[in-house]
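Worksheet for the structure shown next.
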Amino acid sequence: MVIFTMAIAKLTSKGQITVPLEVRKRLGLRPGSRLDFVQTSDGGYTLEALGGSLSSLEGMFRSVGTATPVSIEEMDDAIAAESAASAFPHVPDEADSASAADFAPGHGA
């Protein structure tokens, strides 16, 4: 069974509305909550609460002291090395199996 209740809000001269308490409770809205007005196929709109604010994500990805800080130069070097490695992948050949002794003076022909 679907129960329809009416919640009415008045638009101010600044284009603001106060979301009725009943709606705020049902949508879990708090001060600072963001709402999305989604246009429907019939030209109307539905009101949807967006997920938490960006500030609610603070600390979510913070490591627990395991990361070692690196400089911008170190990051640039790592990016360049990875980029070069992916652009020119190493293909093993016979020379890769040679030992250091193979390159010693007097060795070979």
ask   = Listed by chain and number, what are the side chain to side chain contact (heavy atoms under 4.5 Å, CB included) partners of Ser13, not counting sequence neighbours?
value = none
inquiry  = Are more than 12 heavy atoms, taken from residues, nucleotides or ligands other than Glu82, located less than 6.0 Å from that residue's CD atom?
reply    = no
task = Please identify each residue that fulfils side chain to side chain contact (heavy atoms under 4.5 Å, CB included) with Leu11, with sequence neighbours left out.
result = Ile17
message = Which heavy atom of Val23 sits nearest to which heavy atom of Ala7, and what is that distance?
response = CG2-CB, 3.6 Å
message = With a 3.5 Å distance limit and no angle check, can you tell me whether Asp42 reaches the backbone of Gly44 through a side-chain donor-acceptor pair?
response = yes
task = Output the distance between atom CG (Leu21) and atom CG (Leu29), rounded to the nearest 0.5 Å.
result = 10.5 Å
ask   = Are the side chains of Val19 and Leu27 in touch, meaning some heavy atoms are under 4.5 Å apart?
value = no
remark   = Of all heavy-atom pairs linking Tyr45 and Thr40, the shortest is N-OG1, 4.1 Å
